[in-house]
Amino acid sequence: MKKVGGSERQSVSGSGTQVNGVTNGYHGGGRSEEEGRQRPEAPPEPEGEHQQEQKPSRAGYIQEQSRASALSIPRWDAVKKNRPPFPWFGIDIGGTLVKLVYFQPNDITIEEEHEEVINLRSIQKYLTCNVTYGSSGIRDVHLQLKDLTICGRKGNLHFIRFPTQNMGAFIQMGKEKHFSSLHTVLCATGGGAYKFEEDLRTIVNLQLRKLDELHCLIQGMLHIDSSGFNGSADCYYFENPTDLEKCKKVAYPLDNPYPLLLVNIGSGVSILAVYSKDNYKRVTGTSIGGGTFLGLCCLLTGCSTFDEALEMASNGESTKVDKLVRDIYGGDYEQFGLPGWAVASSFGHMMSKEKQELVSKEDLARATLVTITNNIGSIAMMCALNENINRVVFVGNFLRINTLSMRLLSNAMDYWSKGQLKALFMEHEGYFGAVGALLKLFDPV
Amino acid sequence: REREGGGVRTSRSTRDNLDKSITLPPDEIFRNLENAKSFAIDIGGSLTKLAYYSTVQHKVAKVRSFDHYGRGPDDEPLYEISVQEEITARLHFVKFENAYIETCLDFIKAHLVNTETKVIKATGGGAHKFKSLIEKKLGLKVDKEDEMTCLIKGCNFVLRNIPHEAFVYVKHADPEFRFQTTHPDIFPYLLVNIGSGVSIVRVESEDQFERIGGSSIGGGTFWGLGALLTKTKRFDELLQLASKGQHTNVDMLVRDIYGGSYESLGLTGDLIASSFGKSATTDKEFTKEDMAKSLLHMISNDIGQLACLYAKLHNLSRVYFGGFFIRGHPLTMHTITYSINYFTKGEVQALFLRHEGYLGAIGTFLKGAEEDNPNQYSWGENYAGSSGLMSTSPEVHPMQRARSGTFDMLEMDRLERQLVNLPLLLDASSYVPDTVDLTEDAMAREYWLSCFEDALDGVVKRAVASQPLALDAAERAEKFRQKYRHKLQTLRHQPFAYGSLTVRSLLDTREHCLNEFNFPDPYSKVKQRENDVALKHFQKVVQALESLNMEQRQFALVKGLLAGNVFDWGAKAVSDVLETDPAFGFEETPEPFCDQIPNPAGFLLQGPPHKCALFFVDNSGIDLILGVFPFVRELLSRGTEIILASNSGPALNDVTCSELAIVTERIAAMDTVIRTALNQDKLLLVQSGSSSPCLDLRFVNCSFHTMGASVWSISLSNTPPPHTHTHTHSPLFSCSRLDKGLATVVRERKTDLVVIEGMGRAIHTNYYAALRCESLKLAVIKNAWLADRLGGKIFSVVFKYELAPP
């Protein structure tokens, strides 16, 4: 008897917790409990095989909704349709840039149309009708993916970016435009998902679902690679990278992508060895990345944007700044197999005041770019050799409109590995984290 | 103009003043130039390193046995001592600023007399620039050598010959240098040379190496980019700026992106996510200091990371760093160390070299001296002539590195024998000869430095007395006093100057200084007298021992061994007594410690006899003749073969191999056991290869001299010897005739017992030495402080008997 009594007491206190939970989110919480239990038994909608695959995800999604109900108010109309409520966003808040992907469904039913709140429509209109937002937000129209199917819905995927330093303005806009009334959970990754979580919750009343950066990066990359870029491959390499005339991009579908070394060049650099969708590790990283390029260029040339820095670099001559092997040895350093054109000392000429006076800002920008790019290539190559992987995929926004670096990397990988390693690039280079975050919207917690 | 770090030329006028003010005292900087044979030069961006091979003529004490025929043993001293001139080889390395190159070349030309050389080997970036100047000034043809090849040759050389060459750098530790015991097999290793760029070289063997990689982000990047960012011209100034900066103002840290740490990846908030990531803005100003610091971190981390990746790919754990970026700068040694620790999670240690700046010069010299094959010899750092490592901490000595006109010297003496590990060491790679590291033990350091300073007067007195006929003895002795006192003072402030400071290194430094001022053997007369007197008692002692029963005898033998070891002029407590009472102990053996003799002390002499015992002897006189010989005699009569190992050169009153030869000869004449053993080749006399009161079992003589049967048959027969035998210390004594290695002998004779006697060999060193066979370490502690430290009293006995490990 005593024992039974004990267990009763336990169950009482246990149910007490549940009661509290329900009480806190009572507005819709009661219904959510019901829905949550009924959902898995509901017959799958006849949407085809894609839906079949998503089945476990949906169950997870519903559970998540029921838990989240305590804080945000879900729109149950969406749940009925086996999808998260619109709008579908994925956001990647990096050290320098915020990357946002937005899925615009093309197959909105009239029923849905009526159910969507006014705010949603205005946000959609704002995003899809503009290519720039505020002073610094930009939509990369050329990257837009058309008629993409995600979670059983067809639509367009939009790619938007703005500097992380404008997160304050973004948060303010979110407050003014009443993002919170969308009753959605924002899937976010990147360091900013942690850094700005508090502000987004307290100022915008927006709940973040924080997601692991590397996981998002890999899932996003694999997803875009498999769905392709509007009919062609997202992945490519450079043929004849050293020859400006003959150099060309060649599509390289990653039919069997594993194993691969994924080098993500953002503000800093992370290097991942990917063995399968879920088996990957961060091999190493370096602090010398895109942030370093821009930071040094700002200090050395007084420029202020990445595009400006790249433009300068494309007009400069790094050999006036860097000391080459031939500057020291008069030609190749044969004994050690070093070609005369190889850089012996980055910025090595700048030790001399006289040579400092002969260089332009463009030369300095170019040298900065070359130095950083070669260094990343060198570390990536060593990692590839250590991990015994021969395909290296370079991604990240450092490579945006940066053909110069991509060609340098292509050549460096090929030359120093004696043809063993192949440098690959992706059209959507900087957006995979955000895409991965968006995909998480449909995943179980 | 491109220059390496270290240059100090702030303005034209200072430079001119310095050039004028420089004087080059020949006996202090370019020493032994008149005998210089071959030259090599390594001219870097700011420093020139000159190397030359020279010979040093100095006095050596020689002993010569008298013709005993027709003389009674009591009439005359056992042997006579003479001081003779001897020539030994020495390598000189001098480092000075490029600003002085012309002055130095003039000086060299003026003092160069005996050279027949026509060429000078040269390397380094400045070799080309100064080629014509050198050719003009010296009249020698400049022959250029590849820099990297020289660097590696030099690196191999210092790693092989200088025991405490490599160290790890620990910024906040006292001292900041932790010297490493060099692994007996120095290969393979990775050398990361950080010059203007970075070269990463895998060194497989003496002649085999490969540049496996490198990076263009090196010292030149720090300098060049740093100059652009801070408008600072000099490398040293940039480092100074960096030492004062805060990189977090310029770098984007993990916490700047995450608001904290990135826990799932184990990345802490302090970690740099993006170097210069915060400077990507036009609305902020950044200080020179902060930018320099950020740049230093960026470059150090990058180099460290690449080095680790290469070390991992090639499976190498020993990574040495060098080049002007490192060159003794505490800041860069620290940042590189930090980076290596971070990237290998502490699995690989960044190693630095004490003579890093000399590698190129040493290697160039070796290239030029290939016909002399310096690598077939062992070389030892001469503490008297070498500057040692200076503290480079900018906080402590802001002007130390920058002081103009600083000449740094390294001298290495050629040892006449190639020295190898004692094969009986259990694990040569983990063997540390010294019992206490005074670099780390500040209290012990203080004591011993004071102790050596206090003993200096006595040593000076003894040195003068050893050369009664030399008019300048007092003057030289005074110079010796100044030199050694100065060394002690230096070591007080910079105990790491010559690697780990130990009692052994203090003793060796004193010997080097004595030799420098031509006091090769200050105790020669003391030893001679004591050997004489002790010999007169030998037969009496042996007879007394014979009269005892076995148990009593064995006890008495051990007691005699320990009693003899009291007579040690190296111990101040004893030498004070011996000075005041020369007759002390000769008539009655002091027995202050009989009760301490372990019971059963005779166990060594019971049980089945040993096959062969290796005995490292200590003092001349009573210790050797009345302690060691009766003991050895007992072992011999039990059928154990004996290898008696004594010093090759003099140190204190330790018996040298040549003295031992004469003493043995005399004892053999009196004693049939010893005589028979010699005749049957069962008693071997070998020189240890050492000239130190201590013993480093990693460097023992690998060739040996036995008293050849021919010599002995002459003196042992009743035919008068046709001539006297001269036994000298190296090099004449060294053994071209019977050059089997000591190592070989020890192995061949299947040595199964090692006896190490005396404070220097068994306490200061080898106390913890683990051997493969049975061993006995014994000594009398003749120093109150040490006795106290070991938990005993002065004249306590150490009797450490260890069985062979299973």
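Just so we're clear, the structure is a prediction, and the values are computed from it rather than from any experiment. Numbers restart at 1 for each chain; the letters A, B, ... are given by sequence-line order, proteins then strands.
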>> So which residue, Y262(B), F276(B), F222(B), F343(B), ends up with the most heavy-atom pairs under 4.5 Å with chain A?
In response: F276(B)

> Counting only heavy atoms not in E334(A), do more than 12 fall under 6.0 Å of its CD?
Replying inline: no

> CG of D278(A): more than 12 outside heavy atoms within 6.0 angstrom?
Replying inline: yes

> Taking C-beta and beyond as the side chain, do D146(B) and F336(A) meet within less than 4.5 Å on heavy atoms?
Replying inline: yes

> Nearest heavy-atom pair of G220(B) and S345(A): which atoms, and what distance?
Replying inline: CA-OG, 3.4 Å

>> With rounding to the nearest 0.5 angstrom, report the CE to CZ distance, M351(A) to R234(B).
In response: 14.5 Å

> In terms of heavy-atom pairs under 4.5 Å, which option from A342(A), S346(A), C303(A) contacts chain B the most?
Replying inline: S346(A)

> Which region of L338(A), side chain (C-beta onward) or backbone (N, CA, C, O), has a non-hydrogen atom less than 4.5 Å from a non-hydrogen atom of chain B, or is it both or neither?
Replying inline: side chain

> For residues 286-298 of chain A, which residue pairs qualify under side-chain hydrogen bond (donor to acceptor under 3.5 Å, both in side chains), counting only residues two or more places apart or in two chains?
Replying inline: S287(A)-S275(B)

> Quick one: of G302(A), A193(A), G285(A), G289(A), who has the most non-hydrogen atom pairs under 4.5 Å with chain B?
Replying inline: G285(A)

>> To the closest 0.5 Å, what do you measure between CG (L299(A)) and CG (L228(B))?
In response: 11.0 Å

>> Please classify the contact of C297(A) with chain B as side chain, backbone, both or neither, using a heavy-atom distance under 4.5 Å.
In response: neither

> How many angstroms lie between SG in C383(A) and CG in L313(B), if you round to the nearest 0.5 Å?
Replying inline: 10.5 Å

>> Heavy-atom pairs under 4.5 Å with chain A: which of V198(B), D251(B), I257(B) has the most?
In response: I257(B)

>> Would you say that more than 12 heavy atoms from the other residues, nucleotides or ligands in this model lie under 6.0 Å from the NE2 of H128(B), or not?
In response: no

>> Quick check for you: among T284(A), T96(A), V269(A), which has the greatest number of heavy-atom pairs under 4.5 Å with chain B?
In response: T284(A)

>> If I compare all heavy atoms of N386(A) with all of K312(B), which pair ends up nearest, and what's the gap?
In response: OD1-C, 3.7 Å

> Are the side chains of I217(B) and N374(A) in touch, meaning some heavy atoms are under 4.5 Å apart?
Replying inline: no

> Do you know the tightest heavy-atom contact between L225(B) and L300(A)?
Replying inline: CD1-CD1, 3.8 Å

> Which atoms form the tightest heavy-atom contact between A227(B) and M350(A), and what is the distance?
Replying inline: CB-O, 3.8 Å

>> Taking side chain as everything from C-beta outward and backbone as N, CA, C, O, which of these in M148(B) sits under 4.5 Å from a heavy atom of chain A? Side chain, backbone, both or neither.
In response: both

>> On a heavy-atom basis, which atom in G268(A) and which in S274(B) lie closest, and how many Å separate them?
In response: N-CB, 4.0 Å

> Which pair of non-hydrogen atoms, one from S279(B) and one from C298(A), has the smallest distance, and what is that distance?
Replying inline: O-CB, 3.4 Å

> So which part of Y333(A) gets closer than 4.5 Å to some heavy atom of chain B, the side chain, the backbone, both or neither?
Replying inline: side chain

> Is it the backbone or the side chain of D283(B) that comes under 4.5 Å from a heavy atom of chain A, or both, or neither?
Replying inline: neither

> Using non-hydrogen atoms only, which part of S264(B) is less than 4.5 Å away from chain A: side chain, backbone, both, or neither?
Replying inline: side chain

> Based on non-hydrogen pairs under 4.5 Å, which of L296(A), L294(A), L364(A) is most in contact with chain B?
Replying inline: L296(A)

>> Restricting to side-chain hydrogen bond (donor to acceptor under 3.5 Å, both in side chains), what partner residues turn up for E289(B), sequence neighbours left out?
In response: none

> By number, which residues in residues 200-211 of chain B have some heavy atom less than 4.5 Å away from chain A?
Replying inline: F209(B), R211(B)

>> Within the 4.5 Å heavy-atom criterion, are L265(B) and E213(A) side-chain neighbours or not?
In response: no

> Under 3.5 Å, is there a donor-acceptor pair between the side chain of K233(B) and the main chain of K353(A)?
Replying inline: no

>> Only heavy atoms, only distances under 4.5 angstrom. Which residues in residues 292-307 of chain B are near chain A?
In response: M298(B), D302(B), Q305(B), L306(B)

